[in-house]
K.L.:
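Following this message is one structure expressed as structure tokens.
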2 protein chains.
Amino acid sequence: MKDGPDIARIAALIGDPARANILTALMSGKALTATELAREAGVTLQTTSGHLAKLERGGLTRALKQGRHKYVSLADDEVARVLEALMGLAAKAGHLRTRTGPRDEALRKARVCYNHLAGDMGTRLYDRFIVRGYLGRDGESLILTGSGAAFVRDFGIDLDALDKGRAPLCRDCLDWSERRAHLAGSLGRVLLTRFEELGWARRDPATRVVHFSQSGESQFDRLVQGVT
Amino acid sequence: MKDGPDIARIAALIGDPARANILTALMSGKALTATELAREAGVTLQTTSGHLAKLERGGLTRALKQGRHKYVSLADDEVARVLEALMGLAAKAGHLRTRTGPRDEALRKARVCYNHLAGDMGTRLYDRFIVRGYLGRDGESLILTGSGAAFVRDFGIDLDALDKGRAPLCRDCLDWSERRAHLAGSLGRVLLTRFEELGWARRDPATRVVHFSQSGESQFDRLVQGVT
DNA sequence: TAAATGGTTCGACTATGGTCGAACTATGAA
DNA sequence: TTCATAGTTCGACCATAGTCGAACCATTTA
């Protein structure tokens with residue numbers, strides 16, 4: 001009965017409501033400070049401090065002390081993927097909990113998932129990149145093709161600056177609302193940033209919703225629909 | 001702070017050691033009876049009964065009453081994927097817990113993951129199918145190509161019988177020991193069954209280890225290495 | 001320096017929930 | 001029928017761990 005790694009340890013770590021709220025908040029990809037997380041989790045700062053220590057020891061989060069602030073972020077984008085997958089299960093198995101309120105609607109349409117675009121618009125972007133041959137498969141890993149690199153560069157992104165980090169450029173991430181993949185990895189991150197730069201979209205700092213302006217959304221649609 | 005589905009509920013469900021043991025045991029893909037699971041989990045039958053009720057209500061397992069026995073299995077292969085992903089995190093984050101014992105070695109080499117082959121041999125099989133063009137990508141989903149179908153049929157598998165189920169034929173599943181994908185879905189399942197039929201391999205009923213016979217392993221190697 | 005803000009540590013309280021013994025139901029075998 | 005095995009339910013016990021108040025560091029600002 002001791003097969004494989006100790007799955008209960010980290011599942012229990014995620015299983016506490018306060019910690020789950022913290023992790024969900026961190027799915028925005030932004031590094032949040034302890035007090036912000038306390039507000040998000042609905043518990044006091046002392047309690048949060050204890051939770052953060054546990055999450056860190058469990059390898060789920062990373063903390064960076066800067067001045068008198070403690071900036072916390074998810075340890076890894078694998079952690080984000082696991083959380084997203086858990087949300088998928090919860091959305092399906094959680095019986096009646098799927099009452100789609102108005103904000104829920106917005107979350108389904110476009111939200112941020114560990115710094116990249118998720119939701120309906122995220123999966124549409126991903127699909128389009130696949131169909132156009134911008135993204136390909138090399139064995140198991142996702143790669144950016146030559147034409148894809150050209151397109152991305154043309155979109156105003158400095159690819160060479162990205163390659164410096166050792167984090168994978170592309171990755172797919174299962175979307176809990178769409179139940180399909182969207183683009184993750186550093187490329188996914190920089191694309192969302194570019195959308196913000198262009199004024200197409202802005203993130204709601206409180207929720208994980210990504211708001212597109214009217215012109216931004218139409219431009220995005222044009223990008224995604226293409227001619228082919 | 002109520003964004004998305006309730007992730008803590010099911011994470012807590014997985015987070016109890018006894019329940020985690022139960023779920024891990026069910027990763028073998030076989031439907032196990034309550035007493036077997038009780039032995040596996042290391043708790044009494046009464047306790048197990050309670051756990052099983054919770055797991056079922058949480059949508060993680062399915063139960064089938066047959067005579068005076070209760071056969072329990074994982075609800076979904078999405079559940080299996082989440083568990084496998086959690087194992088990946090635990091294997092990485094779980095600091096010192098990665099002392100590779102001898103049985104652990106066998107688990108890494110070949111094990112069963114919800115009825116399909118996982119571990120080193122599973123990923124090798126998957127990679128080979130990709131390289132040979134047996135498996136392809138259609139957008140986000142994994143598909144069996146024409147040549148792949150021909151090969152599988154030639155291997156003695158009745159594909160038409162498989163298509164009847166509405167479960168996806170192919171699916172990739174992240175391997176916690178190899179940290180790469182292996183083949184899941186009904187095709188993955190039937191392939192493992194075929195290996196057993198051919199006498200190449202047999203499952204250890206107690207652990208999740210898949211034992212290959214010497215000739216079986218060499219034949220598998222030939223299958224995977226090929227000429228190309 | 002003092003005051004204020006951000007975090008941590010300690011201790012005590014409390015409750016949720018896992019655990020088992022015992023009694024009970026249900027199915028199958030003799 | 002009686003006996004045995006498989007599961008469930010109930011009740012009581014108990015431990016783990018989440019929670020906050022209070023006091024305590026640390027850093028920045030006045």
Side-chain angles (χ1 to χ4, degrees), chain A residues 1-2 6-26 30-73 90 94 205, chain B residues 1-2 6-26 30-73 90 94 205:
Chain A
M1 69 171 111
K2 281 264 182 176
D6 183 357
I7 176 182
R9 243 177 51 94
I10 50 163
L13 221 46
I14 309 176
D16 174 73
R19 284 195 296 260
N21 284 338
I22 291 176
L23 291 171
T24 305
L26 289 176
K30 291 171 58 174
L32 297 178
T33 167
T35 18
E36 290 171 322
L37 289 174
R39 199 174 45 79
E40 204 71 32
V43 291
T44 61
L45 182 58
Q46 313 97 296
T47 311
T48 305
S49 180
H51 285 316
L52 290 180
K54 287 183 183 175
L55 287 174
E56 210 173 330
R57 287 188 52 198
L60 294 183
T61 61
R62 299 165 52 99
L64 177 67
K65 233 176 243 171
Q66 217 167 73
R68 58 180 165 180
H69 293 275
K70 178 184 196 172
Y71 288 99
V72 180
S73 50
Chain B
M1 68 174 108
K2 281 262 181 175
D6 183 357
I7 177 182
R9 243 177 51 96
I10 51 162
L13 221 44
I14 309 175
D16 174 72
R19 283 195 295 259
N21 284 336
I22 290 176
L23 291 170
T24 306
L26 289 176
K30 290 172 57 173
L32 297 177
T33 167
T35 19
E36 290 171 322
L37 288 173
R39 199 173 46 78
E40 204 70 31
V43 291
T44 62
L45 183 57
Q46 313 98 293
T47 311
T48 305
S49 180
H51 284 318
L52 290 181
K54 287 184 182 175
L55 287 174
E56 211 172 328
R57 287 188 53 198
L60 294 183
T61 61
R62 299 165 52 99
L64 178 66
K65 233 176 241 170
Q66 216 166 74
R68 58 178 165 182
H69 292 276
K70 177 183 195 171
Y71 288 100
V72 180
S73 50

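Below, chains carry the letters A, B, ... as their sequence lines are ordered, and counting in each starts from 1. This one's a predicted model, so the numbers in the text were calculated from it and none came from an experiment.
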K.L.:
Is the phosphate of C:dT19, meaning OP1 or OP2, less than 4.0 Å from a side-chain N or O of B:T44?
P.N.:
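For C:dT19, neither OP1 nor OP2 has a side-chain N or O of B:T44 closer than 4.0 Å.
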K.L.:
Distances for protein N/O vs nucleotides 7-10 of chain D N/O pairs under 3.5 angstrom?
P.N.:
unit_1 : atom_1 : unit_2 : atom_2 : d
D:dG7  : OP1    : B:T33  : OG1    : 2.2
D:dG7  : OP1    : B:A34  : N      : 3.4
D:dG7  : OP1    : B:K70  : N      : 3.1
D:dG7  : OP2    : B:T35  : N      : 3.2
D:dG7  : OP2    : B:T35  : OG1    : 2.8
D:dT8  : OP1    : B:K70  : NZ     : 2.9
D:dT8  : OP2    : B:S49  : OG     : 2.7
D:dT8  : O5'    : B:S49  : OG     : 3.3

K.L.:
Looking at residues at least two apart in the chain, or sitting in another chain, which of them share a side chain to side chain contact (heavy atoms under 4.5 Å, CB included) with A:T35?
P.N.:
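Counting only residues at least two positions away or on another chain, A:T35 forms a side chain to side chain contact (heavy atoms under 4.5 Å, CB included) with A:T33, A:L45.
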K.L.:
Taking side chain to side chain contact (heavy atoms under 4.5 Å, CB included) as the test, write out the residues that go with A:E56, two or more places apart.
P.N.:
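Partners of A:E56 under the side chain to side chain contact (heavy atoms under 4.5 Å, CB included) test: A:T61, A:A63, A:K70.
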K.L.:
List for me each residue that meets side chain to side chain contact (heavy atoms under 4.5 Å, CB included) alongside B:A31, sequence neighbours excluded, and say none if there are none.
P.N.:
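For B:A31, the residues satisfying side chain to side chain contact (heavy atoms under 4.5 Å, CB included) (neighbours in sequence not counted) are B:Y71, B:S73.
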K.L.:
Rounded off to whole Å, could you give me the CG-to-P distance for the A:D16 and C:dG17 pair?
P.N.:
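After rounding, the reported distance stands at 11 Å.
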K.L.:
Could you check how far CD1 of A:I14 sits from P of D:dG18, rounded to whole Å?
P.N.:
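Rounding to the nearest Å, CD1 of A:I14 and P of D:dG18 are 14 Å apart.
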K.L.:
In whole Å, I'd like the distance from the CG atom of B:L13 to the P atom of C:dT16.
P.N.:
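Rounding to the nearest Å, CG of B:L13 and P of C:dT16 are 17 Å apart.
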K.L.:
Please report, rounded to the nearest Å, how far the C1' atom of C:dG17 is from the CZ atom of B:R57.
P.N.:
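Distance, rounded to whole Å: 14 Å.
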K.L.:
For A:H51 and D:dT16, what is the distance between atoms NE2 and P respectively, to the nearest whole Å?
P.N.:
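Atom-to-atom, A:H51 to D:dT16, this comes out as 18 Å.
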K.L.:
So, for B:I14 and B:A20, which heavy atoms are closest and what is the spacing to 0.1 Å?
P.N.:
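Shortest heavy-atom contact: O-CB, 3.5 Å.
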K.L.:
Expressed as a whole number of angstroms, how long is the span from A:L32:CG to C:dG6:P?
P.N.:
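Going from A:L32 (CG) to C:dG6 (P), I get 15 Å.
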K.L.:
Expressed as a whole number of angstroms, how long is the span from A:L64:CG to C:dG6:P?
P.N.:
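Checked: the CG to P distance equals 17 Å.
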K.L.:
So do the side chains of B:L37 and B:L26 get within less than 4.5 Å of each other, counting heavy atoms only?
P.N.:
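Heavy-atom side-chain distance check passes, below 4.5 Å.
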K.L.:
In chain order, what residues pass the side chain to side chain contact (heavy atoms under 4.5 Å, CB included) check against B:T47, with sequence neighbours excluded?
P.N.:
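If we apply the side chain to side chain contact (heavy atoms under 4.5 Å, CB included) test to B:T47, skipping adjacent residues, the hits are B:V43, B:T44, B:H51.
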